[in-house]
Amino acid sequence: MAFDNIKLEKGLYTTSKGFTKSLEELDPSENYRGTELEGLDAYQRQLKRFDIKVTGSDSDTVEKFFQTSTSSVLFPEYVSRAVRTGIEQSDALSKLIATTTDIDSLDYRAVELTSTPDEIGLATVGEGAFIPEAEIKTKNSLTKLKKRGRMLVATYEAIKFQKLDLFTIMLSQIGASIARDQLVDAVNVLFHCGGETVNKSGAELTYDDIVKLWNAFDPYNMNTLICSGDTLAKLLSMDEFKDSNAGLNFHATGSLITPLGAEIVRVDGGDNGSKMIGIDNRYALEKVQASEVSCDFDKLIDRQLERAAVTEISGFSPIFKSAVKYMEG
């Protein structure tokens, strides 16, 4: 089949599309419908081509990638995917994001709708009368992007006999760290975006305060509640969340309660401290990324693992600050 004859080279990593999309153009997955290879993407078919097993108890060792100069081209993509697996397995960020924007530069200026939610509905207009405007304009400030990364430091001799299954777990831990850092970045942007503060009734947080915060969201819906571990402990201690029905799922599975239907996201280390942040995640936050996880492909292909960087570049921009509310925990 076609995948057996694909010419793999470093240049696939340097295209604007990235390695996987470039490889897919050379070997489209749609050509394999109805075959035993259906369900595999172009990269996974190349693993099959060189008989490289990256998962399971019978996974190969790292050196299997370097049996030929052609198969070694697949190694950076393996590293990137292993790191992305860690990001996906630790993913809480998607619960906060309304949309993700991919850009090809380090400068990004988002747009904003200057009208309030009450002003953007279709108004009743008399014949010949002025139609109210809803203005969309570019924000005054750039979205701040952060480059995050980790330097892989190891000799090829030290890892060539390492099973890929275990090596994947090590790389996934890097991805998990990136996911945690991105989550804190997102929460800090939400905390400083200028949303409304809803004051609680007394010194101690009560169930009535949670209802008050929820009620403040009209015309939005508070579908996500962000808080620290200490504040979460207060929520879990409320009688309303300790009864047999509300607490059953938490007691049985460890899945967090959903106060008034809002999913809780625990974040420790953000600027919000003891404050809770309620959001409508359909309208609150945009993720901007200049690159997904990428590697020093030259070094990895040439087995120069002594110092090979794994990096990603992303940032966050608030969309509607009126979809964000704060309350002291």
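In this chain, numbering begins with 1 at the start of the sequence shown.
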K.L.:
State the OG1-CD distance between T70 and E9, to the nearest 0.5 angstrom.
P.N.:
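If we round to the nearest 0.5 Å, T70:OG1 and E9:CD are 10.0 Å apart.
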K.L.:
Do Y13 and S22 meet the criterion of a side-chain donor-acceptor pair at a distance under 3.5 Å?
P.N.:
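The answer is no; no qualifying pair exists.
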K.L.:
In Å, rounded to the nearest 0.5 Å, how long is the span from NZ of K275 to NZ of K325?
P.N.:
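Output value for this atom pair is 14.0 Å.
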K.L.:
Do the side-chain N and O atoms of K212 and S201 include a donor-acceptor pair separated by under 3.5 angstrom?
P.N.:
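No pair is found: no donor N or O on one side chain lies under 3.5 Å from an acceptor on the other.
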K.L.:
With the threshold set at 4.0 Å, does a side-chain nitrogen-carboxylate oxygen contact exist between D268 and R266?
P.N.:
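Yes, this pair counts.
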K.L.:
Flag the pair F19 / F297 as yes when their ring centroid distance falls below 6.0 Å, and as no otherwise.
P.N.:
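No; F297 has its ring centre 6.0 Å or more from that of F19.
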K.L.:
With sequence neighbours excluded, tell me which residues meet salt bridge (Lys or Arg N to Asp or Glu O under 4.0 Å) with D181.
P.N.:
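If we apply the salt bridge (Lys or Arg N to Asp or Glu O under 4.0 Å) test to D181, skipping adjacent residues, the hits are R148.
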K.L.:
Could you label the plane-to-plane angle of the F66 and Y156 rings as parallel, tilted or perpendicular, counting under 30° as parallel and over 60° as perpendicular?
P.N.:
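Taking Y156 first and then F66, their aromatic rings stand perpendicular (interplane angle over 60°).
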K.L.:
Do Q89 and S172 have side-chain N/O donor and acceptor atoms under 3.5 Å apart?
P.N.:
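Looking only at side-chain atoms, S172 and Q89 do not form any donor-acceptor pair under 3.5 Å.
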K.L.:
Looking only at side chains, do E286 and T101 share a donor and an acceptor under 3.5 Å apart?
P.N.:
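Yes, side-chain donor-acceptor contact under 3.5 Å.
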K.L.:
Will you find, in the side chains of S322 and E196, an N or O donor that is under 3.5 Å from an N or O acceptor?
P.N.:
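There is no such pair between these side chains.
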K.L.:
For residues N221 and D280, is any side-chain donor paired with an opposing acceptor at under 3.5 Å?
P.N.:
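Their side chains do not contain a donor-acceptor pair, so the 3.5 Å distance test is not met.
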K.L.:
Taking 4.0 angstrom as the limit, do R81 and E77 come out as a salt bridge?
P.N.:
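Salt bridge between R81 and E77, a charged N being under 4.0 Å from a carboxylate O: yes.
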K.L.:
Fit a plane to each ring of Y220 and F320, take the angle between them on a 0 to 90° scale, and name the class: parallel (under 30°), tilted (30 to 60°) or perpendicular (over 60°).
P.N.:
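Y220 and F320: tilted rings.
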K.L.:
Check whether any side-chain heavy atom of V54 lies under 4.5 Å from a side-chain heavy atom of F65, and answer yes or no.
P.N.:
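Result yes, sub-4.5 Å side-chain heavy-atom pair found.
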K.L.:
Looking at D298 and K10, does any basic side-chain N land under 4.0 Å from a carboxylate oxygen?
P.N.:
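Salt bridge flag = yes for K10 with D298.
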K.L.:
Give, for atom CE of M327 and atom CG of D209, the distance between the pair rounded to the nearest 0.5 Å.
P.N.:
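Between atom CE of M327 and atom CG of D209 there are 5.0 Å.
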K.L.:
Would you mind checking if E38 and R33 are paired as a salt bridge, meaning a charged N to carboxylate O distance below 4.0 Å?
P.N.:
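Looking at R33 and E38, the cut-off is not met.
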K.L.:
Could you give the distance from CG (D60) to CD (Q162), rounded to the nearest 0.5 Å?
P.N.:
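Here the rounded value is 12.5 Å.
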